[in-house]
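It should be emphasised that the depicted structure is a prediction, and the values quoted were computed from it without experimental measurement. In what follows, every heavy atom counts, from backbone to side chain, and hydrogens, waters and symmetry copies are set aside.
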Amino acid sequence: MTTLLVIAKQPLPGRVKTRLTPPFTPAEAAFLAEAALADTLMAAARVPADRHVLVLDGEPGPWLPPGFVVVPQAKGGLDVRLAAAFAACDGPALLIGMDTPQITPELLAPALRGDGHDAWFGPAADGGFWALGLAVPDPALLLGVPMSRPDTGAVQYDRLRAAGLRIGTLSVLRDVDTAEDARRVAASAPGTRFATLYRELTTAGARAGTGMQPGAGPRAGAGMRRGAGTSASTAPGTSTAPGAVA
């Protein structure tokens, strides 16, 4: 049974995309995170798999498309949470994060085709990784890998190679972490709802005060290619749950 996993956290102001603030407000950063998550889920939903699973820190919202099973993230560090997500799979699995709204079904599909590879690795431009696929999910391949460091991707790749796995490589993608990342990703995928919202938030006049309030509905709802608009919610607090995989 093949499984496509998306690991994410509920897009709440002050808990997601904090490195976008400034120049964006916490509410705007949350709307951008929600748009990125919605793009990711819509692309993932179109990839052939027996199961589509959202491994979520928080509660699902209107951004969740049909066809996904929602399960809570395990407790612990990011390596523990990723390992637990794979441990719950029976058969080949591909795991992605929520920080790459530029993904397409065509980009992901090779990792679940069963073409003889034991693993698939999607390197991120910042040194991490945005996708990891395992033909035989083994939590030990992730446990102990240092996360959120410039060498995370290299360490994870070396772990796969040391296990003797035949590794396929996906395209290098840029995670949305900073305002510059957001600009580049929006430019590279102009048809996404993430890019649509980014353009609205950065137009002249919008930066003077958008008036967007979480839960009030999107200003960028019209013309979005992949579904209805965003509606981030308000909540205090912080979280260490991942957006990108690592």
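- Rounding to the nearest 0.5 angstrom, the gap separating the OH atom in Tyr198 from the CZ atom in Arg184 is 11.0 Å.
- Val53 and Met1 are not part of a single hydrophobic cluster, where members link through side-chain heavy atoms under 4.5 Å apart.
- Put simply, the side chain of Lys9 gets close to the backbone of Arg15: a donor and an acceptor are under 3.5 Å apart.
- Side-chain N or O atoms of Asp39 include none that pairs as donor or acceptor with a backbone N or O of Thr192 at under 3.5 Å.
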Exercise. Going through the checks in order, is the side-chain contact (heavy atoms from CB on, under 4.5 Å) test met by Phe86 and Thr3?
Worked result: CA-CA 9 Å; Phe86 277 109; Thr3 303; over 6 Å; no
For this session: Under the side-chain contact (heavy atoms from CB on, under 4.5 Å) rule, what do Asp138 and Val136 come out as? Steps first, then yes or no, please.
Result: CA-CA 6 Å; Asp138 180 0; Val136 179; 5.7 Å; no
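- Side-chain contact between Glu28 and Thr21: absent, with no pair of heavy atoms (C-beta onward) separated by less than 4.5 Å.
- Minimum interatomic distance between Ala182 and Leu20 (heavy atoms only, all atoms of both residues): CB-CD2, 4.4 Å.
- Side-chain contact between Leu132 and Leu160: present, with at least one pair of heavy atoms (C-beta onward) separated by less than 4.5 Å.
- Residues Leu95 and Leu143 do not share a hydrophobic cluster, clusters being chains of Ile/Leu/Val/Met/Phe/Trp/Tyr side chains in contact below 4.5 Å.
- By the criterion of side-chain heavy atoms lying less than 4.5 angstrom apart, applied directly or through intervening Ile, Leu, Val, Met, Phe, Trp or Tyr residues, Leu107 is not grouped with Val172; the two fall into different hydrophobic clusters.
- Note that CE of Met98 and CD1 of Ile7 are 11.0 Å apart. Values are rounded to the nearest 0.5 Å.
- Residues Val80 and Leu134 do not share a hydrophobic cluster, defined by chaining ILVMFWY side chains whose heavy atoms lie under 4.5 Å apart.
- Side chains of Asp57 and Arg81 form no contact here, defined as non-hydrogen atoms less than 4.5 Å apart.
- Scanning all heavy atoms of the two residues, the minimum distance from Ala8 to Leu37 falls at CB-CD1, 3.8 Å.
- Looking at heavy atoms from C-beta onward, Pro60 lies out of side-chain contact with Phe68 at the 4.5 angstrom threshold.
- Under a hydrophobic clustering in which Ile, Leu, Val, Met, Phe, Trp and Tyr are joined whenever their side-chain heavy atoms come within less than 4.5 Å, directly or via other members, Val16 and Phe194 fall into different clusters.
- In this structure, CG on Leu141 lies 12.5 Å from CG on Asp79, to the nearest 0.5 angstrom.
- The distance from the CG atom of Asp175 to the CH2 atom of Trp130 is 10.0 Å, given to the nearest 0.5 Å.
- Thr40 has its side chain within reach of Ile96: a pair of non-hydrogen atoms, C-beta onward, lies under 4.5 Å apart.
- Residues Ala93 and Leu5 share a closest heavy-atom pair of CB-CD1, 4.3 Å.
- In this structure, the separation between CD on Glu59 and CG on Leu12 is 9.5 Å, given to the nearest 0.5 Å.
- Crowding of Asp50 atom CG: a count of heavy atoms from other residues, nucleotides or ligands under 6.0 Å exceeding 12.
- Residues Ala33 and Lys17 come closest through the heavy atom pair CB-CG, 3.6 Å.
- Taking the side chain as every heavy atom from C-beta outward, Pro110 and Asp115 never approach each other to under 4.5 Å.
- When every heavy atom of Ala49 is checked against every heavy atom of Leu112, the shortest pair comes out as CB-CD1, 4.1 Å.
- The aromatic rings of Trp120 and His117 sit tilted relative to each other, their planes meeting at an angle between 30° and 60°.
- To the nearest 0.5 Å, the span separating CG on Leu173 from CD on Gln102 amounts to 5.0 Å.
- The side-chain hydrogen bond (donor to acceptor under 3.5 Å, both in side chains) check on Thr178 picks up Asp181, with sequence neighbours excluded.
- Nearest heavy-atom pair across Ala140 and Arg159 is O-NH1, 2.8 Å.
- Listed for the Arg199 side chain is a donor-acceptor partner under 3.5 Å among the backbone atoms of Pro190.
- Classified by interplanar angle (parallel below 30°, tilted 30° to 60°, perpendicular above 60°), the ring pair Phe121/Phe129 is tilted.
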